[in-house]
Protein chains: 2
Amino acid sequence: MSVTIKDIARMAGVSYSTVSKALKNSPLVSEQTKRKIKDLADEYGYQPNLIAQSLVSKKSGIIGIVWPTVEIIAISTLMTHITAELEKRSYSALLSVGSLETGVRLFNRLHVDGILVFELNRMFDPSESVRSEIPVLSFGLSNVASSYASIDVNRKGAIETAVRYLHGLGHRRIGFVGNLEDHFSKQHDKFLGYMEAMDRLGLPADPHLRVHTRKLVWQEGYRAAKFLLQCRDKPTAIVSASYELTVGIILAMKEAQLHIPSDMSIVSYDHVPQLAHLEIPVTAVGVPVEKMAACIAEAALRMVEHPGDDSPPMAEVELAERLSCAPPKPGR
Amino acid sequence: MSVTIKDIARMAGVSYSTVSKALKNSPLVSEQTKRKIKDLADEYGYQPNLIAQSLVSKKSGIIGIVWPTVEIIAISTLMTHITAELEKRSYSALLSVGSLETGVRLFNRLHVDGILVFELNRMFDPSESVRSEIPVLSFGLSNVASSYASIDVNRKGAIETAVRYLHGLGHRRIGFVGNLEDHFSKQHDKFLGYMEAMDRLGLPADPHLRVHTRKLVWQEGYRAAKFLLQCRDKPTAIVSASYELTVGIILAMKEAQLHIPSDMSIVSYDHVPQLAHLEIPVTAVGVPVEKMAACIAEAALRMVEHPGDDSPPMAEVELAERLSCAPPKPGR
DNA sequence: TTGTAGGCGTTATCAA
DNA sequence: TTGATAACGCCTACAA
């Protein structure tokens with residue numbers, strides 16, 4: 001059994017309420033007894049029992065994160081950053097890997113201070129929206145009919161930025177690799193951004209320029225890129241909807257002996273450092289992970305500490321210019 | 001505020017201890033009152049307060065998992081399976097992403113039933129071994145001087161199996177891609193397995209046949225494979241130390257226009273389904289993830305439920321024959 | 001078959 | 001400046 005406040009009290013020869021105060025640095029305790037108590041606590045490695053604390057104070061200092069899909073790198077990276085960000089603000093993060101339902105239920109029983117729900121590529125199934133006594137903030141969930149608060153990234157704007165950037169470099173035939181079909185998924189916003197930008201810029205909306213990928217894995221990116229290369233009038237630039245897809249696209253280029261950026265320019269969604277560390281540092285659009293993490297953590301804490309206030313805005317999308325883009329070769 | 005046992009008691013017109021018993025299906029309560037109480041509980045969505053429960057019962061039904069490195073696919077997959085496995089046995093898993101110290105401390109304050117610590121590629125730093133009142137089971141940690149119980153995979157045996165398998169197919173020049181240098185990391189066992197098998201089989205221990213990779217990322221595998229291909233007398237088969245490395249190796253082969261398995265055979269560590277879904281289904285060695293998850297969950301629960309018993313053994317390494325291996329071409 | 005009372009480790013409010 | 005004491009939500013003897 002670990003040492004409790006009562007053990008310390010007995011050893012210090014004071015009552016346990018005094019110990020409680022001393023450990024919280026209350027001004028109601030003399031410096032002398034405070035010292036004695038603190039020394040004792042250190043010596044015996046006293047750790048307050050969070051369970052007991054949160055039972056009485058109704059505050060746990062924990063944000064529960066529900067994370068259904070563990071295998072997307074941008075999200076893994078995001079998790080690390082969010083955890084760090086919460087810690088900075090003296091909260092702790094605890095993750096539950098698995099279904100929304102299981103996670104939300106567990107965190108409700110645990111009475112954490114707030115819940116963060118992530119769901120990136122699955123379509124939102126409203127029947128799954130689980131009731132929660134504890135405030136829930138969702139990220140990347142198409143919140144049709146959802147009772148949760150939400151914060152999200154401007155995926156559409158990000159892709160628009162990418163297209164405009166390529167257009168500015170002189171590209172006209174710009175391809176898109178990503179989710180074209182799941183209309184209820186937030187992933188689809190990226191496609192909308194592409195279509196809208198192409199349209200606005202008066203660029204050809206050739207269906208051969210876009211390839212649907214079912215999942216955000218590199219194999220799909222690879223497949224899609226090969227497909228684009230077979231095209232009679234192939235693109236001079238590609239916008240990719242995720243880091244994983246981009247990895248696949250680069251491979252396909254390699255295999256086809258095409259040089260990036262001289263033969264093909266690439267802009268990738270996901271503003272993560274990993275994109276800078278590929279063989280060719282890839283120009284990226286999106287909200288930088290650290291900023292994203294900071295905004296999400298901020299929003300989550302605002303939600304628990306000032307319920308009712310509306311959540312702070314997500315940071316703006318940024319473009320990180322790297323080496324994967326160049327003007328198209330003359331004559332193309 | 002959520003509904004408590006007292007609320008239900010008031011509504012049912014009984015005392016709250018009766019409710020407590022009824023909800024636990026105690027035989028000390030009449031069927032009739034039990035029904036009434038249970039209906040009420042359902043109707044109002046009563047969820048027992050885990051905090052209060054575990055404060056009194058000293059049991060939380062939670063296993064805390066400390067997970068420092070989020071970005072290795074085999075581990076991500078493993079997490080999902082372990083969570084599922086624990087749930088089957090009516091426990092819940094909660095992850096803490098970050099340092100060993102932070103995680104162990106948090107879970108101690110939370111008084112979870114047991115802690116599982118993962119650490120795959122970093123060297124073990126004994127100074128980091130944090131004191132824990134709660135039983136800790138470590139996986140993949142070089143437990144020099146560690147006070148934690150541990151369970152682990154026979155990495156050495158796995159790689160030996162791989163080498164023997166290739167040898168059986170007729171290969172003589174077998175390469176190895178993995179961690180050659182961090183002697184205190186468990187990753188190093190793989191290299192030892194390679195060296196020992198080569199030695200036992202009387203195969204050439206040509207230093208040019210092995211390439212050190214610093215991290216388990218595909219870029220390193222790619223780099224290593226290119227290196228092996230430059231070799232004057234290049235290998236006819238490669239043993240790869242992880243899924244990520246294998247992905248990189250395959251890319252390098254592609255780029256060099258080498259066909260797998262006719263030009264080069266590959267066996268990869270990590271018995272995960274992802275290896276079967278690469279363009280060429282890759283022959284793998286290791287303990288299959290599901291089995292591994294089951295063993296780890298089993299060991300963790302044994303540790304919390306029967307302290308003192310020694311942990312059950314890890315499942316044996318298996319070889320999954322797929323399409324990435326063939327006898328070497330004659331004349332090589 | 002049901003209710004009462006004490007306690008789990010803390011915090012917070014009063015009284016001393 | 002300190003110490004009792006009541007709560008937080010639940011469990012478990014034990015008493016009725």
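Worth knowing before you read on, the calculation uses all heavy atoms, side chains too, and leaves out hydrogens, waters and symmetry mates. Lettering of chains follows the sequences in order, A, B, ..., and the numbering in each one begins at 1.
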> Taking only residues two or more places apart in sequence or in another chain, which ones pass ring pair (Phe, Tyr, Trp, His ring centres under 6.0 Å) with B:His188?
Replying inline: B:His183, B:Phe191
> Under 4.0 angstrom, heavy atoms only, what part of the nucleic acid is A:Ser57 near: base, sugar-phosphate, or nothing?
Replying inline: nothing
> Among residues 37-54 of chain A, which contact DNA chain C at a heavy-atom distance under 4.0 Å?
Replying inline: A:Tyr46, A:Gln47, A:Pro48, A:Asn49, A:Ala52, A:Gln53
> Using a cut-off of less than 4.0 Å, is there contact between a side-chain N or O of B:Thr33 and OP1 or OP2 of C:dT1?
Replying inline: no
> Looking only at N and O atoms, is any donor in the side chain of A:Ser17 or the base of D:dA4 less than 3.5 Å from an acceptor on the other one?
Replying inline: yes
> Would you say the side chain of B:Thr4 and the base of D:dG9 hold a donor-acceptor pair, judged only by whether the two atoms sit under 3.5 Å apart?
Replying inline: no
>> Any side-chain N or O of B:Lys24 below 4.0 angstrom from OP1/OP2 of D:dC11?
In response: yes
> Does B:Lys58 or B:Gly13 map to a spot on DNA chain C nearer the 5' end, using the closest nucleotide for each?
Replying inline: B:Gly13
>> I'd like to know if B:Arg10 and B:Asp7 make a salt bridge, using a cut-off of under 4.0 Å between side-chain N and carboxylate O.
In response: yes
> Can you find a side chain N or O atom of B:Ser20 that sits less than 4.0 Å from OP1 or OP2 on D:dC10?
Replying inline: no
>> Less than 3.5 Å apart, any donor N or O on the side chain of B:Ser99 or B:Thr102 sitting next to an acceptor on the other?
In response: yes
>> Judged by each residue's nearest nucleotide on DNA chain C, which is more toward the 5′ side, B:Pro27 or B:Leu55?
In response: B:Pro27
>> Need one value for A:Lys21: base, sugar-phosphate or nothing, where a base atom within 4.0 Å counts as base even if backbone is also close, heavy atoms only.
In response: base
